[in-house]
Each structure stands twice: as structure tokens, then as C-alpha cells.
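Working notes, structure below.
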Amino acid sequence: MVSPNSSTIFLFLLSLLLLINNGVQAFHKVYPHLQSVSVLSIGAQHRTGYHFQPPKNWINDPNGPMYYNGIYHFFYQYNPKGSVWGNIVWAHSVSKDLINWEAVEHAIYPSKPFDKYGCWSGSATVVPGKGPIILYTGVKDEAQNQVQCYAVPEDPKDPYLRKWVKPDNLNPILVPDKEVNGSAFRDPTTAWWSKDGHWRILVGSRRKERGVAYLYRSKDFKTWVRAKHPLHSKGDTGMWECPDFYPVPLKNNLGLDSVVDGKQVKFVLKNSLDLTRYDYYTIGSYDKDKYVPDNTSEDGWGGLRYDYGNFYASKSFFDPSKKRRVIWGWANESDTTDDDVLKGWAGIQAIPRTVWLDPNGRQLLQWPVEELDSLRGKEVNMKSQKLEKGVNVEVKGITAAQADVEVKFSFSSLDKAEPYDPKWVHAQDACDHKGSKEQGGVGPFGLLTLATEKLEEFTPVFFRIFKDQNKHVILMCSDARSSSLKSKLYKPAFAGFVDLDLTTNKKISLRSLIDHSVVESFGEGGKTNILSRVYPQLAVASQAHLFVFNNGTEPITVENLKAWNMKSANIK
Ligand SMILES: *[C@@H]1O[C@H](CO)[C@@H](O)[C@H](O)[C@H]1NC(C)=O
Ligand SMILES: *[C@@H]1O[C@H](CO)[C@@H](O)[C@H](O)[C@H]1NC(C)=O
Ligand SMILES: *[C@@H]1O[C@H](CO)[C@@H](O)[C@H](O)[C@H]1NC(C)=O
Ligand SMILES: *[C@H]1O[C@@H](CO)[C@H](O)[C@@H](O)[C@@H]1NC(C)=O
């Protein structure tokens with residue numbers, strides 16, 4: 001509760017801020033006097049209930065996720081001093097279930113000549129018989145020259161691994177040689193062990209405009225030698241940040257630990273492209289220190305993405321306790337830096353997702369970790385609900401601002417599908433032209449999330465089906481354009497295509513995790529995923545509603561819908 005006193009102080013500080021900030025670009029500026037005020041007031045209705053988010057300040061990349069001795073560890077890039085990027089340390093939280101978290105002290109922060117100007121992203125490797133080792137990027141001067149460093153737990157028996165040390169004898173463990181661009185050399189991967197007795201890691205880089213994943217080998221985890229050829233590179237993709245490389249089995253949805261040889265696996269190479277700020281991956285094969293993407297996996301700009309919304313710098317880890325591979329990804333804000341300063345916080349993590357190979361072999365599938373279901377409370381259902389064109393039906397009886405919804409739609413014919421305009425190169429171009437407000441043939445149909453009763457504000461997540469020569473194109477959109485009456489927000493109509501054959505089975509499913517300022521959606525069992533950050537002004541708390549809708553001529557049936565109130569996670 002805000003007492004009259006504190007709100008007066010708040011208004012005073014707010015006007016002060018508006019004065020200070022008048023027309024000034026606030027990026028990289030810190031306003032320490034405002035941090036504590038804003039945590040209590042502005043932005044409170046947009047804080048998330050079950051997505052990972054510290055009480056205040058700026059966060060970005062997930063770092064070094066691992067499972068060790070019964071505990072999940074999660075580190076992340078964090079500014080202890082404010083809600084804009086800067087002063088980056090590795091903050092550290094621990095958990096037994098990937099959903100409820102307890103913060104412990106910062107694990108890694110600038111303290112040595114080799115990381116004086118920054119402790120940037122990296123990964124953890126659990127070395128059998130030895131315990132965890134963190135590799136991270138140290139920034140050693142103002143010119144941002146980067147080296148790779150390592151840290152180990154001071155007391156491997158401490159279940160929370162609270163303290164980390166950086167042994168002086170070998171750090172930095174890896175410095176760029178003459179052929180490597182030292183100011184574009186970062187984000188070491190988890191190491192994998194091969195039968196030839198070597199550990200291997202990747203480090204992201206660029207050579208002019210070519211994105212590069214350098215490969216390094218070591219026998220003892222101490223001396224690392226760069227392989228003659230990068231594992232992979234691709235022209236005109238710019239800096240490759242946060243590379244990730246791992247095997248996925250062909251025949252089941254289990255995760256695999258390190259890179260294994262053999263024919264029963266495929267490999268995934270993911271890079272975060274600094275130029276577009278999205279995470280792209282290919283499926284391919286790996287042999288003799290070379291990675292070759294499959295011919296079904298486009299390499300580069302047009303390629304597959306983990307998520308077609310706000311989702312970047314992701315990192316996966318193998319969870320031996322459930323034999324699964326889990327990915328974390330950072331979702332930044334879509335409001336302005338000034339808003340972030342007022343709120344006192346910026347950045348959240350997407351819900352950790354289990355990842356495995358689609359049985360079609362052409363892409364991955366992702367799904368929220370099963371532990372999330374433990375937060376599900378009251379459930380409501382809808383069955384066999386017919387939706388004619390222009391109909392919205394409210395899903396009543398849940399807390400629509402903090403919910404989990406799973407829905408299966410069906411329809412009887414594809415005849416009314418609209419033609420696909422070849423001018424729409426990217427899915428987002430199609431969604432820009434064909435939003436929920438443009439009535440169609442088969443679709444748009446889906447959910448209206450974080451909506452006001454009369455739809456002054458709403459974030460539609462929907463499908464729309466097009467005809468393109470002799471095939472159908474399935475578009476999935478998460479459209480923020482009507483999400484908020486507030487202006488000066490980034491409100492993209494995020495979109496991706498869904499690789500699905502609807503000719504025999506005319507059904508498609510959707511799951512959306514709605515959490516105040518996040519709508520995180522999984523199309524058709526996690527084939528196409530989109531996370532949107534939105535900031536409704538009216539559709540907040542109990543004023544938020546949820547609808548199913550259809551705005552196409554082809555009638556749509558909601559075969560089955562389940563929606564749950566979501567409890568808040570315990571994130572201390
Ligand atoms: C090296 O990396 C820096 C930072 O990304 C970039 O500005 C510079 O152009 C790169 N140099 C070359 C030769 O690629
Ligand atoms: C793609 O590769 C597979 C083998 O991996 C091959 O059978 C197929 O012909 C190739 N397709 C094209 C279009 O090159
Ligand atoms: C459905 O289409 C009508 C007509 O274009 C539009 O007014 C309405 O806003 C659309 N519904 C949604 C949910 O976008
Ligand atoms: C998130 O914020 C939006 C709006 O400011 C930018 O356009 C994106 O580039 C940014 N994403 C990342 C990963 O930084």
C-alpha cells in the first residue's frame with residue numbers, strides 16, 4: 001500500500017525525473033536515487049508472477065545453467081546498480097525445480113586485471129570426478145579486448161556453490177591469437193569430451209562480416225589450442241554471440257549430455273546474431289571437427305529461430321536428473337529506457353523450455369518444463385465451441401493477467417485459404433498486412449490475451465492459413481500493435497511459419513503463458529514459439545480478460561480449451 005506521504009514524494013521524484021530526462025537519451029545512465037521508489041510503484045502491475053525476474057535492476061543473458069548434486073544453478077548478467085546495462089556481474093540463483101528460486105551472492109564480478117572491464121557471458125561444464133568449471137569472457141581494457149577466463153567453486157561441498165574463485169596460475173585461460181579479432185571474441189560454450197581424449201569448446205566471433213564459431217581443444221581443460229578451421233562460419237551474418245552446440249537423438253525426446261558419435265543423433269548449432277538480435281539455429285551433422293547443416297535447414301538470415309519474438313542469448317544445458325535438455329533465453333523490455341529507469345527493473349527470463357528434435361527431423365520442438373504445471377491453480381474448460389466469423393467468446397473465471405492456456409482448434413476445409421502474397425518475404429511481413437483486424441478466409445483465429453472487455457487493448461495470438469502455389473502456408477502471429485494505449489512502446493507484430501501439413505488433419509494447437517507483461521506462446525506443440533513483451537494500461541490485474549476468436553469466413557471449432565490461474569513462483 002502506498003501512503004499519501006510516499007506518493008507525494010513519488011510525484012515529486014517523478015517530476016524531477018521528467019525534468020532531468022527531458023529529451024536526453026538515458027541509455028547507460030544510472031539514477032540511483034530513483035531505483036528504490038520505482039520498485040514500489042510504477043511498473044508494479046507489469047512485473048511478472050512466474051517468469052524469472054530479480055526484485056530490481058537490469059538483467060540480460062542467461063549464463064552457466066547447470067544441475068549439480070541435486071540443485072539447479074542459474075547465473076545471469078546483472079547490473080547491481082541500476083536498470084540500464086552496465087557494471088555487469090554474474091548474479092546467481094539456486095533452485096530444486098527450475099521454477100522457484102533463491103538468490104545467493106554474486107558468483108563472478110570484476111576483480112582481476114583480465115576481467116576488470118567486465119565479466120560477460122559463458123557456460124558451466126560439470127567435469128566428471130572434478131565438479132563444475134565456469135568459462136566466461138573477461139573484458140580486460142577500455143578497448144573491450146576479450147579473453148576467456150575460468151572460475152571454480154571455492155568449496156565444491158557447499159550445496160549452493162556460493163563462492164567462486166578465479167585461479168591465478170592459468171587465467172586468462174584463452175587469449176585471441178593474431179588471426180582472431182580480440183574485440184569480437186566471446187561467450188564460450190559448455191565443453192564436450194570426445195573419445196580422442198580432448199575437451200572441446202566454441203567461442204563466438206566474427207571475421208569482417210562473417211560470423212564464426214571458433215573451435216578450441218584441450219586435453220586437461222587448462223591449455224587450449226585453436227583448431228585450424230572453425231566448427232562453422234557463415235558470410236554476412238555479423239558477430240555470432242552465445243554459440244550453443246549439442247546433440248539431439250533422432251528417435252526419442254530425451255536430452256543427451258556431451259557430443260556423442262554415431263548415427264542415432266543430429267546436432268544443433270545455435271547462434272545469437274548481434275545484427276538482428278535473434279537466436280537462429282540449424283540442424284546438421286558433425287564429424288571430424290566440422291559441422292554441416294542439413295539441406296533442410298537454412299543457414300543464416302532466413303533460418304529457423306528458437307523464438308520469433310523477444311528471446312535472445314539463449315543457453316541450453318543437459319539435466320541428468322530428468323534426462324532432458326533445457327534452454328534458457330533472455331526476454332528484454334519493449335518499453336523505453338526512461339520507463340525502465342522509472343520501473344527500476346528491466347529484463348526477464350523466458351520460462352525454461354525442454355528442447356528435442358521434431359520427429360520430422362527438420363526442426364526442434366520446445367515446451368515449458370513440466371515443473372511449471374505445479375503453479376497451475378483453478379482450471380476452467382471450454383469444449384466444442386463453434387466460432388463463426390467475427391465472434392469472440394470470453395474464457396471466464398480465471399485470472400487472465402496470470403494464466404496458462406492450452407487450446408486445440410479444428411475446422412473442416414482449407415478451401416477458403418487466402419492467396420499468399422510473394423512480396424511478404426518474412427512471416428512478420430505477412431502479419432503486418434494481415435493482423436487480427438483484417439478478416440480472412442481460414443483464420444485469423446486464436447486467443448485475445450491481456451484484453452480489456454471492449455478490446456481497447458488486446459494482444460492477439462493467432463493462426464492464419466494461406467494458399468501458396470501447391471501448398472499451404474500457416475502463419476502464427478503474436479501481435480503487440482493493439483496491446484497498449486500507451487505510445488512510444490515497441491509493438492511489433494511478431495510472426496513465424498508453422499511447418500505442419502493440414503490437408504489430412506485440420507487441427508492446430510496453441511499454448512500461451514500469460515504473465516502481466518509477457519505473452520509466451522507455443523504453436524503446435526512447440527514447433528513455432530513467440531514471446532511478446534506488452535504493457536497494457538487498462539488490461540491489468542483483474543481488468544484483464546481472455547477470449548477465443550475467429551475473424552475468418554471458415555467456421556472454427558474450439559475442440560478443447562483448458563485455462564488455469566497461475567500461482568506466483570517463489571523467487572527470492
Ligand atoms: C573486430 O570486431 C570489432 C567489434 O565487433 C569490429 O568493430 C571490427 O570491425 C572487427 N574487425 C574486423 C577486421 O573484423
Ligand atoms: C538433401 O540431403 C539428403 C541426404 O541427406 C538427400 O537425400 C537429398 O537428395 C538432398 N536434397 C537436396 C534438395 O539436395
Ligand atoms: C475482426 O474484424 C473486424 C472487421 O475488420 C474488426 O473490426 C475486429 O477488430 C476484428 N477482431 C479482432 C479481434 O481483431
Ligand atoms: C529488445 O528491445 C527492442 C526494443 O527496444 C529492440 O528492438 C531489440 O533489439 C532488443 N532485443 C535485444 C535482444 O536486445
Side-chain angles (χ1 to χ4, degrees), residues 25-27 58-62 77 84-85 121 139 143-146 176 178-186 204-212 233 235 238-242 272-279 305-307 309-314 329-340 346-350 387-394 428 431 434-440 443-449 451-452 454-462 464 477 479-483 488-494 531-535 545-553:
Q25 247 304 335
F27 196 62
W58 165 275
I59 75 170
N60 56 299
D61 307 4
Q77 298 272 290
V84 294
W85 186 86
S121 289
V139 182
Q144 299 207 329
N145 277 299
Q146 295 150 31
K178 273 196 238 80
E179 280 176 44
V180 172
N181 182 347
S183 55
F185 180 57
R186 55 181 176 269
S205 188
R206 60 183 278 194
R207 223 158 37 204
K208 303 227 171 74
E209 299 320 311
R210 172 172 286 267
V212 181
S233 73
M239 177 67 193
W240 282 6
E241 296 195 293
C242 303
S272 304
L273 297 194
D274 196 20
L275 284 179
T276 55
R277 311 290 287 168
Y278 296 122
D279 281 11
R305 282 164 49 185
Y306 275 170
D307 189 294
N310 295 48
F311 189 93
Y312 191 67
S314 64
W330 162 50
N332 69 338
E333 300 299 310
S334 286
D335 56 5
T336 62
T337 304
D338 290 356
D339 288 330
D340 294 343
I348 61 163
Q349 301 293 331
L387 301 172
E388 300 291 341
K389 180 165 103 179
V391 168
N392 313 323
V393 176
E394 181 162 8
Q428 202 166 324
C431 193
K434 296 284 179 180
S436 67
K437 294 179 186 173
E438 303 296 320
Q439 296 194 319
F445 62 87
L447 298 170
L448 305 175
T449 69
T452 50
K454 300 220 162 73
L455 300 190
E456 293 90 345
E457 292 181 327
F458 65 103
T459 301
V461 184
F462 63 87
R464 185 163 191 144
C477 300
D479 184 354
R481 286 176 295 182
S482 301
S483 58
K488 285 210 201 152
L489 296 171
Y490 175 54
K491 297 180 192 171
F494 283 135
L531 190 156
S532 293
R533 297 302 311 279
V534 293
Y535 309 86
H545 297 259
L546 174 71
F547 299 86
V548 283
F549 84 104
N550 176 23
N551 233 348
T553 349

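In listed order, ligands and their atoms are each counted from 1.
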Under 4.0 Å from a heavy atom of S183: give me the atoms of ligand 1 that qualify, with their elements. 1 (C), 2 (O), 3 (C), 4 (C)
Find all atoms of ligand 1 within a distance of less than 4.0 Å from any non-hydrogen atom belonging to K208, and give their numbers and elements. 14 (O)
Is ligand 1 less than 4.0 angstrom away from at least one heavy atom of M239? no
Which pairs of nitrogen or oxygen atoms, taken one from ligand 4 and one from the protein, are under 3.5 angstrom apart?
unit_1   : atom_1 : unit_2 : atom_2 : d
ligand 4 : 2 (O)  : N332   : ND2    : 2.4
ligand 4 : 2 (O)  : E333   : O      : 3.3
ligand 4 : 11 (N) : N332   : ND2    : 2.8
ligand 4 : 14 (O) : R277   : NE     : 3.2
ligand 4 : 14 (O) : R277   : NH2    : 3.2

Just checking, is any N or O donor in the side chain of T336 or D339 under 3.5 Å from an acceptor N or O on the other one? yes
So, Q77 versus D61: side-chain donor-acceptor pair below 3.5 Å or not? no
Would you say the side-chain atoms of T553 pair up with the backbone N or O of G440, donor to acceptor, closer than 3.5 Å? yes
May I ask you to identify the nearest protein heavy atom to atom 9 (O) of ligand 3, giving residue, atom name and distance to one decimal place in Å? K437 CG, 3.8 Å
Check whether any side-chain heavy atom of L546 lies under 4.5 Å from a side-chain heavy atom of L448, and answer yes or no. no
Considering the heavy atoms of Q439, write down every atom of ligand 3 situated less than 4.0 Å from one of them. 1 (C), 2 (O), 3 (C), 4 (C), 5 (O)
To the nearest 0.1 Å, how far is atom 10 (C) of ligand 1 from its closest protein heavy atom, and which atom is that? N181 ND2, 2.4 Å
Show me which atoms of ligand 1 lie under 4.0 Å from any heavy atom of A184. 2 (O), 5 (O)
So that I can tick it off, tell me whether R206 and E241 are bridged by a salt bridge, with the cut-off set at under 4.0 angstrom between side-chain N and carboxylate O. no
Does an N or O anywhere in N551 fall below 3.5 Å from an N or O of ligand 3? yes
Could you tell me which atoms of ligand 3, counted from 1 in the order shown, lie closer than 4.0 angstrom to a heavy atom of L448? 13 (C)
Given side chains that start at C-beta, do those of S334 and L489 come closer than 4.5 Å, heavy atoms only? no
Ignoring hydrogens and geometry beyond distance, is a side-chain donor-acceptor pair present between S482 and K437 at under 3.5 Å? yes
Could you check whether atom 7 (O) of ligand 3 has a protein contact, counting only heavy atoms that fall below 4.0 angstrom? no
Side chains of N60 and W58 only: does a donor on one sit below 3.5 Å from an acceptor on the other? yes
Taking the side chain as every heavy atom from C-beta outward, state whether V548 and N392 have any pair of such atoms under 4.5 Å apart. no
OH (Y490) and CG (N332) are apart, to the nearest 0.5 Å, by 8.0 Å
Would you say S272 and D279 are linked by a side-chain donor-acceptor pair, where the criterion is simply a distance under 3.5 Å? yes
Considering both backbone and side-chain atoms of R206, is one of its nitrogen or oxygen atoms within less than 3.5 Å of a nitrogen or oxygen in ligand 1? yes
State whether a side-chain donor-acceptor pair under 3.5 Å links S183 with N145. no
Does any N or O of ligand 3 fall below 3.5 Å from an N or O anywhere on E438, backbone included? no
Identity and distance of the protein heavy atom lying nearest atom 14 (O) of ligand 3: S436 OG, 2.8 Å
